[in-house]
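Okay, structure first, notes after.
All values derive from a computational prediction rather than experimental measurement. Heavy atoms only: backbone and side chains are in, while hydrogens, waters and symmetry mates are out.
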Amino acid sequence: MDLRIFTEPQQGADYDTLLTVARATEELGFDAFFRSDHYLSMGSADGLPGPTDAWITLAGLARETKRIRLGTLMTAGTFRLPGVLAIQVAQVDRMSGGRVELGLGAGWFEEEHKAYGIPFPKEKFGRLEEQLAIVTGLWGTEVGKTFTHEGEFYRLTDSPALPKPLQDRIPVLIGGHGATRTPRLAARYADEFNIPFASLEDSEKQFGRVRAAAEAVGRPADDLVYSNALVVCVGRDDAEVARRAAAIGRDVDELKANGLAGSPAEVVDKLGRYAAIGSSRVYLQVLDLDDLDHLELISAQVQSQLGR
């Protein structure tokens with residue numbers, strides 16, 4: 001199972017902090033560094049010193065790292081026009097030497113749109129579907145040919161569809177809990193389907209829906225990667241687990257029920273149960289970005305026990 005580090009910088013992290021975590025991610029052998037795409041903190045966090053932009057961050061990290069994959073869970077479709085997003089992601093892919101992945105979602109956090117003057121359209125899912133068609137269409141257009149899209153929400157006319165990513169195909173991640181439209185979109189556009197913060201039972205049901213949707217369009221269900229995103233809180237003993245839970249304002253029992261928490265052995269066991277239902281990749285949501293010892297422990301005593 002691949003383990004990836006997933007950060008939430010809107011809760012309070014500057015670029016230097018993210019760079020430190022990304023370098024630790026690489027040095028400790030994790031597969032990738034991913035970040036959220038938000039501009040406003042949530043809950044009781046003050047968000048200081050203020051938000052960082054997802055793709056500007058990843059552009060910087062592209063030049064400061066060498067091995068790890070880089071991406072978003074998930075880029076908000078409301079933040080960027082699809083043509084601009086295609087250019088941004090392709091450029092960062094080239095800057096990284098071909099290590100970028102794009103998680104794209106509809107956008108949901110209305111308060112951050114109000115706070116920064118970003119339009120928050122009522123119909124977001126239809127826009128997301130067009131965005132996926134445009135971004136992948138631009139990347140897939142042969143050099144020397146043009147791309148045109150006449151949709152309900154977006155129109156592109158004779159685009160040169162440049163620049164091209166370095167990768168032949170940038171992996172596209174689609175995720176969520178929706179029972180019908182989300183699996184259909186994943187079956188059509190996704191290389192990976194991710195379900196965030198879901199139980200084993202709910203994950204298994206959603207993976208089944210996506211697999212069925214893929215087969216319905218003539219695509220092998222195993223053509224997609226199936227993954228989870230779960231908050232992580234590991235300690236060498238109960239006291240260390242409790243300390244780390246308190247640092248992120250969470251309850252140990254709740255974390256054990258809904259995330260990956262406890263001793264390394266407990267977490268390895270739970271990861272095994274996710275693997276048994278078809279999850280081959282887990283994004284570890286790390287909420288205390290100053291606790292690098294946490295990453296070292298996970299690398300040494302959790303990741304080391306997982307087959308790659």
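Side-chain contact check for Val21 versus Leu292: some heavy-atom pair is nearer than 4.5 Å. At least one side-chain heavy atom of Val210 sits less than 4.5 Å from a side-chain heavy atom of Tyr226. The shortest side-chain heavy-atom distance between Leu284 and Val282 falls under the 4.5 Å cut-off. Two residues are said to be in side-chain contact when any heavy atoms from C-beta on lie closer than 4.5 Å; His177 and Pro196 meet this criterion. In this structure, the side chains of Phe125 and Thr182 come closer than 4.5 Å at one or more pairs of heavy atoms. By the 4.5 Å heavy-atom criterion applied to side chains, Arg281 and Asp31 are counted as neighbours. Side-chain atoms of Arg243 and Glu240, non-hydrogen and from C-beta on, do get closer than 4.5 Å to each other. Counting heavy atoms from C-beta outward, Val89 and Trp139 have side chains that approach closer than 4.5 Å.
Counting only distance, with no hydrogens or angles, the side chain of Glu192 and the backbone of Ser227 share no donor-acceptor pair below 3.5 Å. Side-chain atoms of Thr78 never come within 3.5 Å of backbone atoms of Gly107 as a donor-acceptor pair (strictly under, hydrogens ignored). Between the Arg69 side chain and the Gly98 main chain, a donor and an acceptor come within less than 3.5 Å of each other. Panel note: side chain Gln167, backbone Val100; a donor-acceptor pair is recorded below 3.5 Å. With hydrogens and angles disregarded, no donor-acceptor distance shorter than 3.5 Å links the side chain of Glu215 to the backbone of Ala221. Judged purely by atom type and a 3.5 angstrom limit, Gln10 has no side-chain atom pairing as donor or acceptor with the backbone of His38.
Here the straight-line distance linking atom CZ of Phe153 with atom CD of Glu129 works out to 10.0 Å at 0.5 Å rounding. Once rounded to the nearest 0.5 Å, the distance linking CG of Leu185 with CZ of Arg188 reads 8.5 Å. Ile68 contributes atom CD1, which lies 11.0 Å from atom CZ of Phe30 (distance to the nearest 0.5 angstrom).
More than 12 heavy atoms of other residues, nucleotides or ligands lie within 6.0 Å of CZ in Arg219, so this atom counts as buried by the packing criterion. Crowding of Lys270 atom NZ: a count of heavy atoms from other residues, nucleotides or ligands under 6.0 Å exceeding 12.
Considering every non-hydrogen atom in both Ala229 and Asn194, the closest pair reads N-ND2, 3.7 Å. For the residue pair Ser304 and Ala300, the shortest heavy atom distance occurs at OG-O, 2.5 Å. Ile170 and Pro165 make their closest contact through CD1-CB, 3.5 Å (heavy atoms, listed as atom of the first residue, atom of the second, distance). Shown here for Thr25 and Arg67, the closest heavy-atom pair between the two residues is O-NH2, 3.8 Å. Contact detail for Val234 and Ile298: the closest heavy-atom pair is CG2-CG1, 3.9 Å. Contact detail for Gln303 and Gly29: the closest heavy-atom pair is OE1-O, 3.3 Å.
Annotation: salt bridge (Lys or Arg N to Asp or Glu O under 4.0 Å) contacts of Glu8 (sequence neighbours excluded): none. In this view, Asp202 satisfies the salt bridge (Lys or Arg N to Asp or Glu O under 4.0 Å) rule with no residue, not counting sequence neighbours. For Asp251, there are no side-chain hydrogen bond (donor to acceptor under 3.5 Å, both in side chains) partners, not counting sequence neighbours. Residues forming a salt bridge (Lys or Arg N to Asp or Glu O under 4.0 Å) with Glu204 (at least two apart in sequence, or on another chain): none. Under the rule for a salt bridge (Lys or Arg N to Asp or Glu O under 4.0 Å), the partners of Glu142 that lie at least two apart in sequence or sit in another chain are Lys145.
For Asn228 and Ser279, the side-chain atoms include at least one donor-acceptor pair closer than 3.5 Å. When only modelled atom types and interatomic distance are considered, Gln91 and Arg94 share no side-chain donor-acceptor pair under 3.5 Å.
Connection of Tyr154 to Leu128 is not established within any shared hydrophobic cluster, with ILVMFWY side chains joined at heavy-atom distances below 4.5 Å, either directly or through further cluster members. Linking Ile, Leu, Val, Met, Phe, Trp and Tyr residues whenever their side-chain heavy atoms come within less than 4.5 Å leaves Leu287 and Leu19 in two separate clusters. The same ILVMFWY cluster, assembled from side-chain heavy atoms under 4.5 Å apart, contains both Leu297 and Leu3. When the side chains of ILVMFWY residues are joined at heavy-atom separations under 4.5 Å, either directly or via intervening members, Val286 and Leu255 end up in two distinct hydrophobic clusters. Hydrophobic cluster membership differs between Val225 and Ile277, with clusters built from Ile, Leu, Val, Met, Phe, Trp and Tyr side chains linked at under 4.5 angstrom.
The hydrophobic cluster containing Leu166, built from Ile/Leu/Val/Met/Phe/Trp/Tyr side-chain heavy atoms closer than 4.5 Å, comprises no other residue. Leu173 forms part of a hydrophobic cluster together with Phe6, Phe34, Leu73, Met74, Phe197, Tyr283, judged by ILVMFWY side-chain heavy-atom separations under 4.5 Å. Applying the under-4.5 Å side-chain rule to Ile, Leu, Val, Met, Phe, Trp and Tyr, the cluster around Met95 consists of that residue alone. Counting side-chain heavy-atom gaps under 4.5 Å among Ile, Leu, Val, Met, Phe, Trp and Tyr, the cluster of Val252 also holds Val241.
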- Message: Glu201 vs Lys205, test: salt bridge (Lys or Arg N to Asp or Glu O under 4.0 Å). Steps then yes/no.
- Response: CA-CA 6 Å; Glu201 181 181 11; Lys205 287 179 181 177; 3.6 Å; yes
- Audit row: Thr141, Thr146, side chain to side chain contact (heavy atoms under 4.5 Å, CB included) steps and yes/no: CA-CA 7 Å; Thr141 298; Thr146 61; 5.9 Å; no
- Query: Should Glu266 and Leu260 be marked as a side chain to side chain contact (heavy atoms under 4.5 Å, CB included) after you check the CA-CA gap, both sets of side-chain angles, and the distance that decides it?
  - Reply: CA-CA 8 Å; Glu266 288 177 284; Leu260 298 169; over 6 Å; no
- Query: When you look at Leu104 and Tyr189, which way does the side chain to side chain contact (heavy atoms under 4.5 Å, CB included) test go after all the steps?
  - Reply: CA-CA 11 Å; Leu104 185 59; Tyr189 293 107; over 6 Å; no
- When you look at His294 and Asp288, which way does the side chain to side chain contact (heavy atoms under 4.5 Å, CB included) test go after all the steps? CA-CA 9 Å; His294 193 198; Asp288 184 353; over 6 Å; no
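For residues 162-172, the set of pairs meeting the salt bridge (charged side-chain N to carboxylate O under 4.0 Å, His left out) definition, not counting sequence neighbours, comprises Arg169-Asp191.
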Just list the side-chain donor-acceptor pairs under 3.5 Å for residues 45-57, sequence neighbours left out, or say none.
residue	atom	partner	partner atom	Å
Asp46	OD1	Leu48	N	2.9
Thr52	OG1	Arg35	NH1	2.8
Asp53	OD1	Tyr39	OH	2.5
Asp53	OD1	Arg80	NH2	2.8
Asp53	OD2	Trp55	N	3.1
Asp53	OD2	Ile56	N	3.1
Asp53	OD2	Arg80	NH2	3.4
Trp55	NE1	Thr75	OG1	2.9
Thr57	OG1	Arg35	NH1	3.0
Thr57	OG1	Asp53	O	2.8

Listed pairs under 3.5 Å, donor-acceptor, residues 155-162 side chains, sequence neighbours left out:
residue	atom	partner	partner atom	Å
Arg155	NE	Glu150	OE1	3.3
Ser159	OG	Ala161	N	3.0

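Ion pairing of Asp293 with Arg244 is present here, as a side-chain N (NZ or NE/NH1/NH2) and a carboxylate O approach within less than 4.0 Å. Between Glu64 and Arg23 there is a salt bridge, since a side-chain N of the basic residue sits under 4.0 Å from a carboxylate O of the acidic one.
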